[in-house]
Amino acid sequence: MCRNIKTLFNFDPPATDEEIQAASLQYVRKLSGFQSPSKANEEAFNQAIAEVAAASKKLLDSLVTNSSPRDREIEAQKAKERSAKRFGTAEA
């Protein structure tokens, strides 16, 4: 799956509509193989993004968990550390 699509569930603050839209765009791009569609495919491409976003929002709104919400800043720092370890880069 596309590495650019991030987990959106169980964060404080909750995922925004813009984040859901961005994840939907990435998913449709990956699935279709288009960075941006031709004029002939633009309507279908945009419709697919809207439908995926709606389904994603419905899913996120219906999920439940007993664990406490994750902090976005802490998760971002953990991701930076994993990346530095994986690629051997260090922050200056």
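On a predicted model such as this, the values are computed, not experimentally measured, just so you know. Only heavy atoms go into these numbers, but all of them, side chains included; no hydrogens, no water, no symmetry mates. Residue indices begin at 1 and follow the sequence shown.
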Listing, residues 58-65 side-chain donor-acceptor contacts under 3.5 Å, not counting sequence neighbours, or none:
| residue | atom | partner | partner atom | Å |
| --- | --- | --- | --- | --- |
| Ser62 | OG | Lys58 | O | 3.2 |
| Ser62 | OG | Leu59 | O | 3.0 |
| Thr65 | OG1 | Ser67 | N | 3.2 |
| Thr65 | OG1 | Ser67 | OG | 3.1 |

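Across all their heavy atoms, Asp12 and Pro69 have their closest contact at CB-CB, 3.7 Å. A pairwise comparison of heavy atoms in Phe11 and Glu75 identifies CE2-CG, 3.6 Å as the closest pair. Looking at every heavy atom in both residues, Ala23 comes nearest to Leu8 through CB-CD1, 4.2 Å. Nearest heavy atoms, Ser56 versus Ser24: OG-OG, 4.1 Å.
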Might you work through the side chain to side chain contact (heavy atoms under 4.5 Å, CB included) test for Thr7 and Arg70, ending with a clear yes or no? CA-CA 11 Å; Thr7 301; Arg70 295 175 283 177; 3.4 Å; yes

Under the criterion salt bridge (charged side-chain N to carboxylate O under 4.0 Å, His left out), I'd like the reasoning laid out for Glu19 against Arg72: C-alpha separation, chi angles, the key distance, then a yes or no. CA-CA 13 Å; Glu19 290 172 310; Arg72 289 179 185 272; 3.0 Å; yes

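Applying the side-chain contact (heavy atoms from CB on, under 4.5 Å) rule to Ala48 yields the partners Val28; only residues at least two apart in sequence or on another chain are considered.
Rounding to the nearest 0.5 Å places CD of Glu18 at 9.0 Å from CD1 of Ile20. Summarising the geometry, atom CZ belonging to Phe45 is positioned 7.5 Å from atom OG belonging to Ser36; distances are rounded to the nearest 0.5 Å.
Salt-bridge formation is detected for the pair Glu42/Lys39: a Lys NZ or Arg NE/NH1/NH2 atom is positioned less than 4.0 Å from an Asp or Glu carboxylate oxygen.
Of the N and O atoms on the side chains of Glu51 and Gln47, at least one donor lies less than 3.5 Å from an acceptor on the other residue.
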